[in-house]
J.: 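My structure is below; once you've seen it, I'll send some questions.
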Protein chains: 2
Amino acid sequence: MRKSSDPIHMDIKEGKQKFIESWGKMASDWGINRTMAQVHALLLIAAEPMTADQVMSELDISRGNSNMNIRALMDWGLVHKQLRTGERKEYFYAEKDMWVVVRQIILNRKKRELEPMLKVLDEIAGVENNCPESESFCAVIRDIRKFSGKANQTLDALVKADVAWLGNPLFSLLR
Amino acid sequence: MRKSSDPIHMDIKEGKQKFIESWGKMASDWGINRTMAQVHALLLIAAEPMTADQVMSELDISRGNSNMNIRALMDWGLVHKQLRTGERKEYFYAEKDMWVVVRQIILNRKKRELEPMLKVLDEIAGVENNCPESESFCAVIRDIRKFSGKANQTLDALVKADVAWLGNPLFSLLR
DNA sequence: TTTTGTTTTCAAAAGTATTTGAAAATTCTG
DNA sequence: CAGAATTTTCAAATACTTTTGAAAACAAAA
């Protein structure tokens, strides 16, 4: 008999479902395609590499959708292809080390979004500043530019740290 | 005569336009309503507080849209109301200190997205782990839980640091 | 209380993003 | 090379998000 104080264990199927759902939800909150994140989640928790067809039927999406999102994940460097000798089908697996995953996501978003913004801020910073009206404007732009530059540097350091410390035994403690 | 080596200065109107546009673009990349970010950008670079009507005509959006997004920005704690004695209209201004702005955004997204994810991960972590299939699953969940927990702590520290160091003269150097 | 100026709401319309699925392209196999 | 298996593409359909604007609610002034 189960006492009411016992923890309630969900079964594995339920757990996987819930994880795929939340991972997708979080991604779409952050401006990333929900299905792409669900494919990612599915591959993250898969014990073995999967084919595009398996992903398609597991998530109940179309063949095209499955294919396109797997490609996108490979572009992001989060998923890789595995070829098996004697088999036509392509298998896919996700990078499972969270540190590497996060590093890869940072690299991508930095390049796609932060850096273009920095470029625009630099262009704007060249605005003529000769009237009191432009003073408030330039002050804010300078402040944002400074801040974004710092953020960019910090992310660079974070990303480089990983590479430099990979061979260092101390690094495993930090992860 | 302008030499081709001279820097090209854009005028202030152009600069403001460009800033509003990029701020909106960046926000929508990150899953935030573009117009909300444009209203925010407009108020960030405004020399004086503005009415909802001024925002409406400046950005060429509807009255309802202007009103709703100003409310949303107040919910996020990024914009505040100013009441002027003898005037019916409400004026709005944005917090201009970037450190405070970023802090506020972190607080909001942490509460809205990171914390619910942590809760789900904890629920999922209670899944029964007794077969090899669930082993891979549990290992990934544990890793993500650990990572997200660390991220959450780091953000807490970042946010608390601000409050604790506000009165500290050293703090101004860090900003 | 009525009028007038102002803000808020929300159903419908417009605009965006995502997904589908069938056809085309590709690649392996005999 | 022809045929079979598999992957890729993309126009059209669907689903989702945002915006509009007119009406309702509200609040100050007359």
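Numbers restart at 1 for each chain; the letters A, B, ... are given by sequence-line order, proteins then strands.
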J.: I'd like to check the ring pair (Phe, Tyr, Trp, His ring centres under 6.0 Å) partners of A:Tyr93; sequence neighbours left out, ordered by chain and number.
T.: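 Residues passing ring pair (Phe, Tyr, Trp, His ring centres under 6.0 Å) with A:Tyr93: A:His80.
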J.: State, to 0.1 Å, how close A:Met74 and A:Val79 come at their nearest heavy-atom pair, and which atoms those are.
T.: CG-O, 3.4 Å
J.: Whole Å only: how far is the CG atom of B:Asp53 from the P atom of C:dG5?
T.: 13 Å
J.: Check DNA chain C against residues 17-44 of chain A and give the residues with a non-hydrogen atom under 4.0 Å, in numerical order.
T.: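 The answer is A:Asn33, A:Thr35.
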J.: Look at the side chain of B:Arg63 and decide which nucleotide, out of C:dT27, C:dT7, C:dT6, has an atom nearest to it.
T.: C:dT7
J.: Can you list the residues that meet the ring pair (Phe, Tyr, Trp, His ring centres under 6.0 Å) rule with B:Phe92, with sequence neighbours excluded?
T.: none
J.: Would you give me the side-chain donor-acceptor pairs under 3.5 Å for residues 30-39 of chain A, sequence neighbours excluded?
T.:
{"residue": "A:Trp30", "atom": "NE1", "partner": "B:Glu113", "partner atom": "OE1", "Å": "3.3"}
{"residue": "A:Asn33", "atom": "OD1", "partner": "A:Thr35", "partner atom": "N", "Å": "2.8"}
{"residue": "A:Asn33", "atom": "OD1", "partner": "A:Met36", "partner atom": "N", "Å": "3.0"}

J.: Go through the steps to decide whether A:Glu90 and A:Thr51 satisfy the test side chain to side chain contact (heavy atoms under 4.5 Å, CB included), and finish with yes or no.
T.: CA-CA 6 Å; A:Glu90 298 173 324; A:Thr51 65; over 6 Å; no
J.: Nearest 0.5 Å please: distance from the CD atom of A:Glu115 over to the CZ atom of A:Arg109.
T.: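 So the CD of A:Glu115 and the CZ of A:Arg109 are separated by 13.5 Å.
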J.: State whether the side chain of A:Thr154 and the backbone N or O of A:Lys150 hold a donor-acceptor pair below 3.5 Å, judged by distance alone.
T.: yes
J.: Using the rule that two of Ile, Leu, Val, Met, Phe, Trp, Tyr join whenever any of their side-chain heavy atoms come within less than 4.5 Å, decide whether B:Tyr91 and B:Leu42 are in one cluster.
T.: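 Different hydrophobic clusters.
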J.: Tell me, do A:Leu121 and A:Ser148 make a side-chain contact under 4.5 Å, heavy atoms counted?
T.: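 The answer is yes, as the side chains (C-beta and beyond) meet within the 4.5 Å cut-off.
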J.: B:Gly149 and B:Leu118: which non-hydrogen atoms are nearest, and at how many Å?
T.: N-CD2, 3.9 Å
J.: Check each residue of residues 64-75 of chain A for a non-hydrogen atom within less than 4.0 Å of any atom in DNA chain C, then write out the ones that pass by number, or none.
T.: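 Of all residues in residues 64-75 of chain A, the ones placing a heavy atom under 4.0 Å from DNA chain C are A:Gly64, A:Asn65.
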J.: Considering only heavy atoms of chain B and a distance under 4.0 Å, specify the first and last nucleotide of DNA chain D in 5' to 3' order that meet this criterion.
T.: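 From 5' to 3', the first and last contacting nucleotides are D:dT18 to D:dA28.
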